[in-house]
Amino acid sequence: MALIVQKFGGTSVGTLERIGRAAERVAATARAGHRVVVVVSAMAGETNRLLKLAHDIAEVPDLAEVDVLIATGEQASAAMMAMQLIARGHPARSFLGHQIAIHTNSSYGRAWIESIDREPVLAALDRGEIVIVAGFQGIDAANRTTTLGRGGSDTTAVALAAALGADYCDIFTDVDGVYTSDPNVVPDARRTPHLTHEEMLEMASLGAKVLAERSVEYAMRYNVSVRVLHAFQDGEGTLVDGREDEMEQRTVTAVTCQRDQAKIAFRGVPDRPGIAASIFAPLSEAGVVVDMIVQNVSEHGLTDLTFTVPRVDLKRLLPAIEDVARGVQARQVDHDPTIAKVSVIGVGMRTHAGVAARMFQALSAVGVNMQMISTSEIKISCVIEDKFSELAVRVLHDAFELGKKKAPSPRGKASAAKKKTAPRKRARA
Ligand code: ASP
Ligand code: MG
């Protein structure tokens, strides 16, 4: 008998009928003798609907009250899930964030979970009830409702699994696992049966949408085994845990693409101590997450400093950036919102050489220029022109033989790559 947290996302609870089918899955787990704690998202589209109402009232609505409003989506789902279970003869009850003391900090709209009181949950389980928890919401020290950031029900589920010492945290969603790349872009992308927390964390932070990034951080910190499963199809899904399986022998596990970035370049800045600090301090004060910083070798005491920021932040940052540029006597400052970051990820990179060379060759074979490169132990990212992003993802997926098909011969590979040189029209902005 195991204790399992089962989280259902917005599409999986998008209609009453779907909540019913999800309830059936939960009931089946309970009938198999397991103790089940269910975490639910708001019905698909509900959070967006509520956010729009808030923004119809004010351009910048009160942040704390926005959280009170958008937390209602999960409250409704939790009650309906409990009712669907009760209607099927299973004792069940719902809990809101404050009822199990999901304590968070006070960053309304993106709060961090600090602690959870597992006693009420355990007591209900001991009474033989199926416990339903409203995802995405918590309460702060000032006794106000908070929410955990978009996709935050994943975080509730993983944090709850950690607090309860659950055997698994199942994330039920509308795909049957985590894929080697986005199947909408790469038709022969495959489901990966297993990923390490580290790989999943890189993937989530580099554009894979299947799990909220913070939930993976919690899973890694508390060593929670997460299974990503299709809500309404049977299958093994993808297991994400801390185990590094040496038998798997893979170098690259996934190719991701992030298309919501922008590039800022300070050109001809004096190369002296303190310059980088004076460029980045105002950005950090504005709460902007800066990524991929590249400083060139200086010439005649001047250097170029280039970095990426989330594209949504670019416009509001520009005045501050112009200010800083004057302050540090930059010759020029450029910005470019039409970039994308493509990355290859895999724990095998620690022990296998040649990944970078293979990546760069694959991109150059189709004439894609790399504007910036950054690496960590288990990933390599390149900034390229946004219009080439889908092409780049496809050729990298091929180059690392991640597809369903058998690995093509080297000659076949070259010609396959050549055929793809013509950039396809962008499907999404
Ligand atoms: N309902 C929230 C959102 O749409 C949280 C979640 O779905 O996980 O972001
Ligand atoms: Mg979601």
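Whatever order the structure lists ligands and atoms in, that order sets their numbers, starting from 1. All figures in this text were calculated on a predicted structure; none of them were measured in a lab.
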Within ligand 1, which atoms have a heavy atom of [X] less than 4.0 Å away?
| X | answer |
| --- | --- |
| G151 | 3 (C), 5 (C), 6 (C), 8 (O), 9 (O) |
| R150 | 3 (C), 4 (O), 9 (O) |
| S41 | 6 (C), 7 (O), 8 (O) |

Next item on the list: Return yes when G10 approaches ligand 1 closer than 4.0 angstrom through a heavy atom, no otherwise.
Entry: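 No heavy atom of G10 comes that close to ligand 1.
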With a 4.0 Å cut-off on N to O distance, would you call [X] and [Y] a salt bridge?
| X | Y | value |
| --- | --- | --- |
| E46 | R49 | yes |
| D260 | R311 | no |
| R25 | D234 | yes |
| K52 | D56 | yes |
| D334 | K263 | no |

Checklist line | Contact (N/O only, under 3.5 Å) between S153 and ligand 1 | finding: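 Looking only at distances, the answer is yes, because the N/O contact criterion of under 3.5 Å is met.
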Margin query: Heavy-atom distances under 4.0 Å decide this one: backbone, side chain, both or neither, for E74 against ligand 1?
Written below: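 It is the side chain that gets close, since no backbone atom is under 4.0 Å.
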